[in-house]
Amino acid sequence: MKLQYNMITGNLFRRFVPAALLVLCLFSMGCQKMLDVNSTRAVGEENMWNTMEDSRAALMGLYGLTRAALVDNNAHWVYGDVRAGEFKSPNRPDLRAVIANDLTASYASIDALSNWRRFYAAINAANIFLERIHEVKEADRRYTDNNLTVDIAQARFLRAFCYFYMVRVWGDVPLIISSHDGAFENKPRDDQDKVMAWAEQELLAAAADLPYRYSVNDEQQLGNYYNEDGSRWNGALARKLSAYGVLAHLAAWQRNYSNVATYTDFVLTNFIRANNNYVTTSHLTDANGFFFDKRNNQLLSFHFQWSYADHSFAGHLEELTLAAPIINKSMPDIYLPKDSILSIFSEAKDERFSLDTLGYPSNERYFTNFNGKYPIFSKIKCIMGGSTTNANLRTYSSAVVFTRLEDLTLLRAEALAVLGDRNGAIENLNVIRDLRGMEPYDEEISGTLLEAIFRERQRELMGEGHRWYDLVRYHRIKRHDPGFTQLIEQGGIYWPLSQSLTGQNTLLEQTEYWQK
């Protein structure tokens, strides 16, 4: 295994990770140090790019590296949920620092979260894939033009997704779209508008070539994809609606709500064709329900499949949120205080959480031990094979779900509200309210329309990595909180760069807000 030194990331990373290591390291072991483990099983790169098996291994590797970037140090949830400040931490000073927006505090986990190297590992692998995949087409007659087109679309999608994700976390980032054979020079950060414009075009190009589904004779993916039937790929790979879902979020971050309306309209018009649907409350919160393994209703997810021994102790929301009485752990790393729960879930009949006529929780779908010292956020609880009977083992198999139909319906409601289409916004908001057993939107009960939409996103998407970005968008629209407005204007909404990055690459400038 060759290690290449990247002067942009300031870290050692693998130029390419072949099949054996990807399966061994990315899908079967803990997630916090995946990219730092050397392999004794990796085949030399000179033996790659000859067969369909090589192309499949390389492509699955891109998914594995992207997943590793999201779950390392629980990044997806720390960036999206913990930083919002609504969860509290009784025992983790590093998480308390994140909650307080003290992102230069001296903790190893915060330094790791401030380092973008894991995303560039995925991007570099995608660059190499795109540069060399044509060699497989030339060497293996079984590898069809259609297979090549679909594989390239997925690689372009994953690379663009990583850049979009990094921009939301760090703002300006270096845009690298060539592997340079591993010989990188120092490069400054590129303006985030340039990066996002590039990512949008890449996502649109990928969407044009991606199928709605795999191995079901979709006109854009014929026959069995890599000789596997549709059940193997349902929810596992990026599809056309995955791309449009990310495009909608990208446009929302850019405050381009006309494009949000366009992209979400495409998803909501075509979700039946893609065999997607809305999720019932019980299925959303069951231990072996929506978040367990891979599901076609997960419009974009990075899964851990229990039946393939693909589960881990780290890299899952449950590692942060679960404790007794669900698992053998005295207290959670993060919890939502009782007063906050009652403030957020303040409307009657909400199937996710509400109080009955006697003042007791009507169910334990979202919260267990509500009246205890630490209410346990148990919406996502995929322990081992989707059971709570093996709670002592603390190994989890929940997927990292980036977007789903409910998310995009509420994002469309947000866009229509901003664009002045009040009736359309209410209609989309009520789709979710009705799905969760609530009465139609009433301004006297739920507040102004925009506030009601964002509050519904808070309830529906809690624990899915959205809340911080939702707060940023809300305050960009409202601008009624001077402190948050200042945070936005000075770049404090972004993470600082790790000192290991700025120390190795002198062309990288620290975000102004974090230079203080």
Side-chain angles (χ1 to χ4, degrees), residues 1-17 21-22 25-26 29-39 42 61-80 94 98 103-104 106-129 158-190 192 195 199 302 314-315 400 494-511 514:
M1 173 62 63
K2 295 181 180 179
L3 292 177
Q4 303 290 337
Y5 191 72
N6 187 337
M7 295 301 293
I8 292 172
T9 67
N11 279 273
L12 292 172
F13 72 95
R14 292 167 182 77
R15 185 173 183 275
F16 180 72
V17 187
L21 178 61
L22 286 166
C25 290
L26 292 176
M29 53 181 292
C31 300
Q32 292 188 347
K33 296 297 180 183
M34 286 179 183
L35 300 182
D36 298 325
V37 178
N38 291 315
S39 172
L62 298 185
Y63 282 96
L65 286 168
T66 305
R67 188 184 78 174
L70 294 173
V71 304
D72 189 45
N73 286 284
N74 299 108
H76 181 64
W77 301 283
V78 175
Y79 293 149
D94 57 335
V98 174
L103 303 185
T104 56
S106 297
Y107 295 101
S109 61
I110 291 180
D111 183 67
L113 290 163
S114 301
N115 195 320
W116 55 39
R117 63 156 180 92
R118 57 199 189 279
F119 287 97
Y120 278 106
I123 288 166
N124 188 65
N127 288 339
I128 294 170
F129 184 95
L158 290 170
R159 183 175 62 172
F161 171 77
C162 285
Y163 273 115
F164 156 68
Y165 202 97
M166 286 198 298
V167 164
R168 290 203 307 178
V169 176
W170 286 283
D172 298 341
V173 299
L175 179 61
I176 307 167
I177 56 177
S178 173
S179 71
H180 295 281
D181 197 29
F184 291 97
E185 298 178 357
N186 285 355
K187 191 178 189 301
R189 301 165 80 171
D190 287 293
Q192 61 179 286
V195 178
F302 299 87
V400 183
Y494 301 113
W495 276 69
L497 299 187
S498 167
Q499 290 184 1
S500 62
L501 295 179
T502 56
Q504 294 292 342
N505 181 356
T506 57
L507 296 181
L508 290 177
E509 293 186 7
Q510 182 64 271
T511 304
W514 299 107

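- Using a distance-only test at 3.5 Å, with no hydrogens or angles considered, a donor-acceptor pair links the side chain of Asp190 to the main chain of Leu175.
- Across all their heavy atoms, Gly315 and Trp77 have their closest contact at O-CH2, 3.4 Å.
- Heavy atoms only, all atoms of each residue included: Asn115 and Ser500 are closest at ND2-OG, 3.1 Å.
- Between the side chain of Trp514 and the backbone N or O of Leu103 there is no donor-acceptor pair closer than 3.5 Å.
- Going from atom CG of Leu497 over to atom CG of Asp111 covers 11.0 Å, rounded to the nearest 0.5 Å.
- Of all heavy-atom pairs between Asn505 and Lys187, the closest is ND2-O, 3.1 Å.
- One distance of note links OG1 of Thr511 with CZ of Arg189; it measures 3.5 Å at 0.5 Å rounding.
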Item to complete: Dump the intermediate steps for side-chain contact (heavy atoms from CB on, under 4.5 Å) on Asn127 and Ser178, then the final yes or no.
Response: CA-CA 5 Å; Asn127 288 339; Ser178 173; 5.5 Å; no
Fill in: side-chain contact (heavy atoms from CB on, under 4.5 Å) between Leu113 and Arg118, worked out
CA-CA 10 Å; Leu113 290 163; Arg118 57 199 189 279; 4.1 Å; yes
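- Of all heavy-atom pairs spanning Thr66 and Leu62, the tightest one is OG1-O, 2.8 Å.
- Closest of all the heavy-atom pairs between Ile128 and Ser179 is CG1-CB, 3.6 Å.
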Practice prompt. Could you check Leu158 against Phe302 for side-chain contact (heavy atoms from CB on, under 4.5 Å), going step by step and ending with a plain yes or no?
Written response: CA-CA 11 Å; Leu158 290 170; Phe302 299 87; 4.0 Å; yes
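- For Trp495 and Tyr79, the ring centers are positioned less than 6.0 Å apart.
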Practice prompt. Test side-chain contact (heavy atoms from CB on, under 4.5 Å) on Glu509 and Asp172 and set out the steps.
Written response: CA-CA 10 Å; Glu509 293 186 7; Asp172 298 341; over 6 Å; no
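- Across all their heavy atoms, Ile123 and Cys162 have their closest contact at CG1-CB, 3.9 Å.
- Remark: the backbone N or O of Pro496 is not paired with any side-chain donor or acceptor of Gln510 at under 3.5 angstrom.
- Contact of the Tyr494 side chain with the Val173 side chain is not registered, since no non-hydrogen atoms from C-beta on lie closer than 4.5 Å.
- Taking CG from Leu508 and CG from Asn186, the interatomic distance works out to 7.5 Å, rounded to the nearest 0.5 Å.
- Using bins of under 30°, 30° to 60° and over 60° for the plane-to-plane angle, the ring pair Trp170/Phe119 lands in the perpendicular bin.
- Under the 30°/60° scheme for interplanar angles, the aromatic rings of Tyr165 and His76 are found to be tilted.
- Taking the six-membered ring where the residue is Trp, Trp116 and Tyr120 present perpendicular rings, their angle passing 60° and hence far from 30°.
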